[in-house]
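Below, chains carry the letters A, B, ... as their sequence lines are ordered, and counting in each starts from 1. All figures in this text were calculated on a predicted structure; none of them were measured in a lab. Heavy atoms only: backbone and side chains are in, while hydrogens, waters and symmetry mates are out.
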There are 2 protein chains.
Amino acid sequence: MSDATALARAPAEPRKRDAEATRAAILDAAKGHFARLGYDCAVLRDIAQDAGVDVALVKRYFGGKEALFVEALKASFVADGMRAWDRATFAQEIAITLADSPHVDEERTHRFQFLLRAATSPTTAPLLNVLIQDRFLEPIRVWLGGADADARARVFAASYIGFLVERLVRGEALEGRERRVFIDRVSAIFAGLMTVSDGPP
Amino acid sequence: MSDATALARAPAEPRKRDAEATRAAILDAAKGHFARLGYDCAVLRDIAQDAGVDVALVKRYFGGKEALFVEALKASFVADGMRAWDRATFAQEIAITLADSPHVDEERTHRFQFLLRAATSPTTAPLLNVLIQDRFLEPIRVWLGGADADARARVFAASYIGFLVERLVRGEALEGRERRVFIDRVSAIFAGLMTVSDGPP
DNA sequence: AACCTAAGTCAATGCGTGTTGACATAATCA
DNA sequence: TGATTATGTCAACACGCATTGACTTAGGTT
């Protein structure tokens, strides 16, 4: 046990002084906590501890909880990724991802859980309108392209969010035939949204 | 100011003593608050005040906040409604509802917002697994029927939730061509899920 | 009428949490 | 080296909130 305590005794090495690094550490920890817990349940002390930092530094570097949240939210949406998606395989790939457990794609999962939590908390929802428009809906709209891209982007985004929630509450991966059917149906939906027109002209 | 205080002086009429009625009043107020605010942001004092009741009565009748929440959640899902949906018109109707503002369908909106909030709060999510299965997924599964009803029910439920979130953050009704396209696409998705097979056999 | 029990009220306690300012110390520069 | 500043630490404070128990009173019972 003495080894364990020795390992846990990180404070023996009292943190190099490096403003940028600590700021980044806080931001990074914050992203995870906010994504997992949502604004209201996330606790500054825990975030700080996770970053190996004193709580007071949150104030120094960000001003407060809300400001930290906004910063973390923006940092979580550097709005890349989507451009790189391959149109030929996207629908299938995303459906597979959504059929699996939330734990396999931690990175992307976190980013969108963050968005979801932010959107569904009454405290933070007001902060989101612009950001959602700019960094979520708009990239999708551009990526989809074609006629009525805005409406299709809405449906696309909504579906995505929905499947994310479903996977969240499901918690575990789907298996066997259910999994195959799920993937087929979901990828059919996304594929349908990528085609410019399957409704009346 | 004396007028205002006079107006505010509702306590002049000190609440008839009726256990069932007050219990119901609390539960009713709780449903609204939890749906609108989620578990964490909802405040017992406000719920009590809304019901015209002292906070302590929440303890007397329900035991505590969490118990009240569970009760309210169950009460919000009497699992009716869905059976009554008309298969011929459902997809179109639901799409229209989802295109409009959240305020037009307060009743149903509230019930599902409740579910959503509950599912996305880490505090309450654990309480939901069974309930979601029993009162949400299962009715959909039965209503859909046919082969692979379970997988289709998942996709169905997920889509529904997603569109609900989308409408929530959108806040206002869609208009014009965007609205038409949105409705077409959404109803196409639901209609597709109602058909037994459009994938490989 | 006296009494008893269920229903409702009130004030206080304790905890979690964001925020704040005073203090300590490493890093940098004159 | 000594002084100055940026960086990090610590200990409270203030606030909101759920919870709790002691007290009050209406409504029925004997």
Visitor: Would you give the length of the straight line joining atom CG of B:L68 to atom CZ of B:R23, rounded to the nearest 0.5 angstrom?
Guide: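 Reported to 0.5 Å precision, the distance equals 9.0 Å.
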
Visitor: Could you measure the distance from the CZ atom of A:R60 to the CD1 atom of A:I26? Nearest 0.5 Å is fine.
Guide: 10.5 Å

Visitor: So, under a plain 3.5 Å distance rule, would you say the side chain of A:R45 forms a donor-acceptor pair with the base of C:dG18?
Guide: yes

Visitor: Between C:dT17 atom P and A:Q49 atom CD, what is the distance in whole Å?
Guide: 12 Å

Visitor: Whole-Å distance between D:dA6 P and A:R23 CZ?
Guide: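 That distance rounds to 16 Å.
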
Visitor: How far does the helix from C:dA1-D:dT30 to C:dA30-D:dT1 bend, going by the axes of its first and last five pairs, to the nearest 10°?
Guide: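 What I find for the helix from C:dA1-D:dT30 to C:dA30-D:dT1 is an axis angle of 10°.
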
Visitor: Taking only residues two or more places apart in sequence or in another chain, which ones pass ring-ring contact (aromatic ring centres under 6.0 Å, His included) with B:F69?
Guide: B:F34, B:Y39, B:F114

Visitor: Please report the distance, rounded to the nearest Å, between CD in B:E20 and P in C:dA6.
Guide: 15 Å

Visitor: Considering only side-chain heavy atoms of B:V43, which listed nucleotide, D:dA18, C:dG8, C:dA7, is closest?
Guide: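 For the B:V43 side chain, the nearest candidate turns out to be D:dA18.
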
Visitor: Counting heavy atoms from C-beta on, name the nucleotide in C:dT25, D:dT9, D:dT25 closest to the side chain of A:R17.
Guide: C:dT25

Visitor: Decide yes or no on side-chain hydrogen bond (donor to acceptor under 3.5 Å, both in side chains) for A:H33 and A:D50, but give the supporting numbers first.
Guide: CA-CA 9 Å; A:H33 282 249; A:D50 206 2; 2.9 Å; yes

Visitor: Just by modelled atom types, is the A:Q113 backbone N or O under 3.5 Å from a matching donor or acceptor in the A:R36 side chain?
Guide: no

Visitor: Within this structure, what is the CG-to-C1' distance between A:D18 and C:dT25, rounded to whole angstrom?
Guide: 16 Å

Visitor: Do the side-chain N or O atoms of B:T22 get closer than 4.0 angstrom to the phosphate oxygens (OP1, OP2) of C:dG8?
Guide: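 So the side chain of B:T22 is within the cut-off, an N or O lying under 4.0 Å from OP1 or OP2 of C:dG8.
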
Visitor: Do B:E178 and A:R154 have side chains that approach each other closer than 4.5 Å (heavy atoms only, starting at C-beta)?
Guide: yes

Visitor: Check the angle between the aromatic planes of A:F182 and A:F163 and answer parallel, tilted or perpendicular using the 30° and 60° thresholds.
Guide: perpendicular

Visitor: Could you tell me how far apart A:L57 (CG) and C:dT20 (P) are, to the nearest whole angstrom?
Guide: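 Computing the A:L57:CG to C:dT20:P distance gives 15 Å.
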
Visitor: Can a side chain N or O of B:K59 be found less than 4.0 Å away from OP1 or OP2 on D:dT20?
Guide: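 The answer is yes; a side-chain N or O of B:K59 sits under 4.0 Å from OP1 or OP2.
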
Visitor: Rounded to the Å, how far apart are B:I26 CD1 and C:dA7 C1'?
Guide: 11 Å

Visitor: So what does B:A19 hit on the nucleic acid, given a heavy-atom distance under 4.0 Å: a base, only sugar-phosphate, or nothing?
Guide: sugar-phosphate

Visitor: Check every strand shown and say whether B:A48 touches a base, only sugar-phosphate, or nothing at a heavy-atom separation below 4.0 Å.
Guide: nothing

Visitor: Could you give me the CA-CA distance, side-chain angles and deciding distance for B:R170 and B:E166, then say whether salt bridge (charged side-chain N to carboxylate O under 4.0 Å, His left out) is met?
Guide: CA-CA 6 Å; B:R170 169 161 40 91; B:E166 192 275 331; 2.8 Å; yes

Visitor: Could you check how far CG of A:D40 sits from P of D:dA18, rounded to whole Å?
Guide: 13 Å

Visitor: Within the pair A:Y61 and D:dG8, is there a side-chain N or O less than 4.0 Å away from OP1 or OP2?
Guide: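 True: A:Y61 side-chain N/O within range (under 4.0 Å) of D:dG8 OP1/OP2.
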
Visitor: With nearest nucleotides of DNA chain C determined for B:D54 and A:C41 from heavy-atom distances, which residue corresponds to the more 5′ nucleotide?
Guide: B:D54

Visitor: What is the separation between atom CZ on B:R60 and atom P on C:dT5, rounded to the nearest whole Å?
Guide: 15 Å

Visitor: More 5' along DNA chain C: A:V55 or B:V55, using each one's nearest nucleotide?
Guide: B:V55

Visitor: Could you work out which one of C:dG18, D:dC17, D:dG8 sits closest to the side chain of A:K65?
Guide: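 Among C:dG18, D:dC17, D:dG8, the one nearest the side chain of A:K65 is C:dG18.
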
Visitor: Among D:dT19, C:dC10, C:dT20, which nucleotide has an atom closest to any side-chain atom of B:L44?
Guide: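 Looking only at heavy atoms from C-beta outward on B:L44, the closest nucleotide is D:dT19.
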
